[in-house]
Protein chains: 2
Amino acid sequence: MATLKDVARLAGVSVKTVSNVVNGYSFVKPDNRRRVEEALEATGYRPNLGARNLRRGRTGSIALVLPELSIPYFAELTGLVIAAAQEHEWNVLIEQTFGTLSGERSALASLGPHLVDAAILSPEALHVDDFQLSVPSVLLGEHAVDVPISRVGIDNVAAARVAVRHLISLGRKRIAAIGAHPHRGTAALRLEGYRSALEEAGLPFLDELVVPALNYHRADGAAAMKSLLDLRNPPDAVFCFNDLLAIGAMRAAAERFVRVPADLAVVGFDNNEESVYSSPSLTSVAPDKGSIARAAVDLLHRQTESPALEHVETPFSLLVRESTVAR
Amino acid sequence: MATLKDVARLAGVSVKTVSNVVNGYSFVKPDNRRRVEEALEATGYRPNLGARNLRRGRTGSIALVLPELSIPYFAELTGLVIAAAQEHEWNVLIEQTFGTLSGERSALASLGPHLVDAAILSPEALHVDDFQLSVPSVLLGEHAVDVPISRVGIDNVAAARVAVRHLISLGRKRIAAIGAHPHRGTAALRLEGYRSALEEAGLPFLDELVVPALNYHRADGAAAMKSLLDLRNPPDAVFCFNDLLAIGAMRAAAERFVRVPADLAVVGFDNNEESVYSSPSLTSVAPDKGSIARAAVDLLHRQTESPALEHVETPFSLLVRESTVAR
DNA sequence: TTTCGTCTTTACATCGTTGGAACAACGATG
DNA sequence: CATCGTTGTTCCAACGATGTAAAGACGAAA
């Protein structure tokens, strides 16, 4: 590995002059600049980022704290965050919490200026007093807990309302919701959107049609759907708080020979790639993940220069597919 | 941020003594050790990893070079690699190539001792002469190209054979294969397993039943399946070289009202979580991803201490689901 | 010619950590 | 009591980079 010293010796100048060339400092004599550039080329010099960051007092990394990479939404988002972070010369350290309180607490505890310059958090279980952060941070998604931390995400209430309105427009009357959760902020907001859409259409809000889900995995969706199908009067539509729940729900429906969308219309949330190819394909609320990733990273970049509190609302759309075609 | 210096001042000892305590050096007087530990506790000292790695001449990171995080197989694997790397105090830097030659080349070029201590590679398009690696590396999966680099993966020929034998055991006679690829090593091996299983059953190997796929995404599987269904004499079973292809194939079959498994049995490869919940659920070859991740990371760890060339074969199994129940 | 100001380069210290050598303290040995 | 080996501690240099300050070069103005 060539260092600045090696390059300097070869070019016959001081280490600092090489450093100046590498960093694009203007006042270098054309002649020296040329010699240094040749030496850089000849040695194949690459800066040692550890050393550079040590000197500059930064780590060169940001943390991305999320439940689990095997959840498609987070996998897709992670890819986009990595791409966005690259623009600011940041590495992304991924920390999986598996959606547990202890996992999230220990992830947060391990953060800190010695490890990362900033952090993107997607917590599910944290309480208000857990947020004693030592680096600039952004929360993904809205949360019930009101903490003074920047946020990036869509308007969950509006998005849920759009989804449910769509079901109503199909003429469905008994619309269920899967994914209620006692402590999860986003769940509360989506539930609120669901409630308000029913209300504006003059449909009753029925407790029996709102099914909680402790996790948001396919298995939870299947279990919830089964309980709905066991009702004396089952729903004719269901709004699931994410696509995995919806996939699970459709699977459970298929097992009971309930036809989607004829007997049951289904809407999901997140627009996973998987949902385009399921049979039937799944109507879903599609947040613009690229915008989310870019907004989060850019916001962090700004915050590392000067502290600020910002909330960014990113766009979303409803993609209508087979699971909600008119009967 | 507390440094060793701060701790040393507080404890009334030299910096090196603190360092010795932190690093578990034995010969420290009990009394000093206690004072240092109290000071560590009081200051909340965390080592500056950048500085430590600089001094130790390592980077503290390994690279994981893969096509795309949004491919479930790689998302799941990445989570496991991160967990395994943590055991060796390694961060994982993820590099996406999108399966293109240029992407893989630039990823490889950007690697190097200044960035990472080692690398896990999952290349798809690289040629032999591209492998001029400057850090210890492991290839995931088997490859046709014969390069002196360690490998971790399952026996693809055997795995494919097991999958196709299973289809044969159902009494299927016209078994297609989706996923052939001119330059992809694993594709060649799976095709070989397919061929040999047909041969041992006395079934003919028919060119028209072997469909190439340039990418291994759901869309490619759907397109391939459509072409198979357009044949004068379509297949009664299909072996797909990964689950995404199989999901796409099943989707295409559904669009043509071809019933799976009654008219068409389908087997996939990778055992994505998604495949458990599709309708019908998908029979799939399940590599032990945990073993792969652990073996790869451990192997790299050994290689950073002393160079070595090892090939590790990890276990797999065939998980039979609805897409191949007997008719 | 001297002085001044602008460009250009260099020496040096520093970021936080650890390896190595030097040194100090100590009881044990002869 | 001198010597020795073991144990414990400190000092110094170094990892590779960059910020700072100071010095050097050079032409223009006085």
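In what follows, chains carry the letters A, B, and so on, assigned in the order in which the sequence lines appear, proteins first and then strands, with residues in each chain numbered from 1.
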Legend entry - Whole-Å distance separating the CG atom of A:Leu54 from the C1' atom of C:dT14: 9 Å
Legend entry - Side-chain donor/acceptor of B:Lys289 to backbone N/O of B:Asp270, under 3.5 Å: yes
Inset, instruction - Would you kindly give the CZ-to-P distance between A:Arg58 and C:dT14, to the nearest whole Å? - result: 23 Å
Inset, instruction - Would you indicate, yes or no, if D:dT10 has its OP1 or OP2 atom less than 4.0 angstrom from a side-chain nitrogen or oxygen of B:Ser14? - result: yes
Legend entry - Separation of atom CZ in A:Arg56 from atom P in D:dT20, rounded to whole Å: 13 Å
Inset, instruction - Select one nucleotide: of C:dT17, D:dG8, D:dT20, the one nearest the side-chain heavy atoms of B:Phe27. - result: D:dG8
Inset, instruction - Indicate whether the side chain of B:Ser150 and that of B:Gln303 have a donor and an acceptor atom separated by less than 3.5 Å. - result: yes
Legend entry - Any A:Asn53 side-chain nitrogen or oxygen under 4.0 Å from OP1 or OP2 of D:dA17: no
Legend entry - Given C:dT8, C:dT10, D:dG16, the nucleotide with the shortest approach to the side chain of A:Tyr25: C:dT8
Legend entry - Rounded distance in Å - CG (B:Asn48) to C1' (D:dC15): 13 Å
Legend entry - Separation of C:dG20 C1' from B:Asn23 CG (nearest whole Å): 15 Å
Legend entry - Value in whole Å for how far the P atom of D:dA17 lies from NZ of A:Lys16: 13 Å
Inset, instruction - Determine yes or no for a side-chain-to-main-chain donor-acceptor pair under 3.5 angstrom, with A:Asn91 supplying the side chain and A:Ser61 the backbone. - result: no
